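By convention here, the first residue in the shown sequence is residue 1. Computed from a predicted structure; not experimentally measured.
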Amino acid sequence: QVQLVESGGGLVQAGGSLRISCVASGRTFSIYTMGWFRQAPGKEREFVAAISRSGDRTYYPDSVKGRFTISKDVAKNTVYLQMNNLKAEDAAVYYCAATPRAYYSGTDYAKGSKYDYWGQGTQVTVSS
């Protein structure tokens, strides 16, 4: 099993930046793909970013491309999401996800059903 714990959420002004983190524990050696999703009240869960084991592949939807960056620190079993130029529509609970499977298409990265482990989420609030 793998446990994921997110942290770093909070309140930020529109146009500001925030970095959230996800620490993995347990059978971390089994993890290949990690991703971030978000869900705002009354909306469906939305894919935000994904990264491969080595970090050589990342994927973003158009809604965050150029503003968000996913990265990882393998030694710390931690994945980060740097969010810049935040907008009101970025406000949501952000969830970290992981899977032992390798993906090579944006379609697979973006499907929540392709991930096996999920964190509890961290709230990001953007004030306008």
Side-chain angles (χ1 to χ4, degrees):
Q1 289 293 324
V2 173
Q3 295 78 42
L4 304 173
V5 178
E6 303 95 334
S7 64
L11 174 64
V12 62
Q13 285 189 331
S17 298
L18 194 67
R19 189 180 78 161
I20 56 178
S21 305
C22 171
V23 178
S25 61
R27 296 171 62 87
T28 57
F29 60 87
S30 68
I31 297 173
Y32 193 94
T33 301
M34 295 193 73
W36 286 97
F37 290 76
R38 66 187 181 188
Q39 188 166 22
K43 294 188 177 181
E44 293 187 353
R45 184 175 57 193
E46 178 187 14
F47 169 71
V48 176
I51 189 166
S52 61
R53 187 203 297 271
S54 64
D56 62 331
R57 291 195 308 279
T58 58
Y59 186 75
Y60 307 89
D62 289 341
S63 58
V64 306
K65 194 175 295 182
R67 299 189 298 121
F68 289 12
T69 302
I70 188 171
S71 62
K72 65 190 312 183
D73 184 329
V74 175
K76 294 182 178 180
N77 291 319
T78 301
V79 171
Y80 304 97
L81 184 67
Q82 176 68 43
M83 303 180 287
N84 298 327
N85 190 21
L86 281 160
K87 305 176 181 179
E89 53 263 40
D90 294 320
V93 177
Y94 282 70
Y95 297 94
C96 178
T99 176
R101 290 169 282 186
Y103 299 132
Y104 300 91
S105 76
T107 301
D108 285 336
Y109 278 128
K111 287 183 179 178
S113 59
K114 295 288 188 179
Y115 295 80
D116 300 279
Y117 307 105
W118 292 83
Q120 294 300 306
T122 186
Q123 177 73 50
V124 173
T125 304
V126 182
S127 63
S128 56

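- The shortest non-hydrogen separation linking Arg53 to Lys72 is O-NZ, 2.8 Å.
- In terms of heavy-atom proximity, Phe68 sits nearest to Met83 at CE1-CB, 3.5 Å.
- Checked by atom type and distance alone, the side chain of Tyr60 pairs as donor or acceptor with a backbone atom of Ile70 at under 3.5 Å.
- Using modelled atom types, no side-chain atom of Tyr117 and backbone atom of Leu4 make a donor-acceptor pair closer than 3.5 Å.
- Heavy atoms only, all atoms of each residue included: Gly9 and Thr122 are closest at N-OG1, 3.1 Å.
- Partner of Leu81 under the side chain to side chain contact (heavy atoms under 4.5 Å, CB included) criterion, chosen from Ile20, Val64, Leu18: Ile20.
- Nearest heavy atom pair, residue Tyr104 against residue Ala102, reads OH-CB, 3.8 Å.
- With values rounded to the nearest 0.5 angstrom, Ser128 atom OG is found 12.5 Å from Leu86 atom CG.
- Of the inter-residue distances, the one linking Ser52 atom OG with Met34 atom CE reads 12.0 Å to the nearest 0.5 angstrom.
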Tabulate below the donor-acceptor pairs under 3.5 Å that side-chain atoms of residues 43-51 make, not counting sequence neighbours, or state none.
| unit_1 | atom_1 | unit_2 | atom_2 | d |
| --- | --- | --- | --- | --- |
| Glu46 | OE1 | Arg38 | NE | 2.8 |
| Glu46 | OE1 | Arg38 | NH2 | 3.2 |
| Glu46 | OE2 | Ser63 | OG | 3.4 |

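- Under the 4.5 Å side-chain criterion, counting only non-hydrogen atoms from C-beta, Tyr95 is in contact with Gln39.
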Walk me through it: do Lys114 and Thr33 pass the test side chain to side chain contact (heavy atoms under 4.5 Å, CB included)?
CA-CA 10 Å; Lys114 295 288 188 179; Thr33 301; over 6 Å; no
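- A donor-acceptor pair shorter than 3.5 Å cannot be found between the side chains of Arg57 and Tyr59.
- For Ala91 against Ala40, the heavy-atom pair with the smallest separation is O-CB, 3.6 Å.
- The shortest heavy-atom contact between Ser30 and Val2 is OG-CG2, 4.0 Å.
- Between Phe37 and Tyr115, the two ring planes are perpendicular [angle over 60°; tilted spans 30° to 60°].
- Within the structure, disulfide (SG to SG under 2.5 Å) contacts touching residues 20-128 (residues at least two apart or in different chains) are Cys22-Cys96.
- Within a 6.0 Å sphere centred on CD of Glu89, other residues, nucleotides and ligands contribute more than 12 heavy atoms.
- The OH atom of Tyr109 sits 11.0 Å away from the OG1 atom of Thr99 when rounded to the nearest 0.5 Å.
- Using a 4.5 Å heavy-atom threshold, the side chains of Asp116 and Arg101 count as touching.
- Side chain of Arg19 to backbone of Tyr80: no donor-acceptor contact under 3.5 angstrom is found.
- Shown here is Lys76, whose NZ atom has no more than 12 heavy atoms of other residues, nucleotides or ligands within 6.0 Å.
- A salt bridge links Asp90 with Arg67: the distance from a Lys NZ or Arg NE/NH1/NH2 to an Asp or Glu carboxylate oxygen falls below 4.0 Å.
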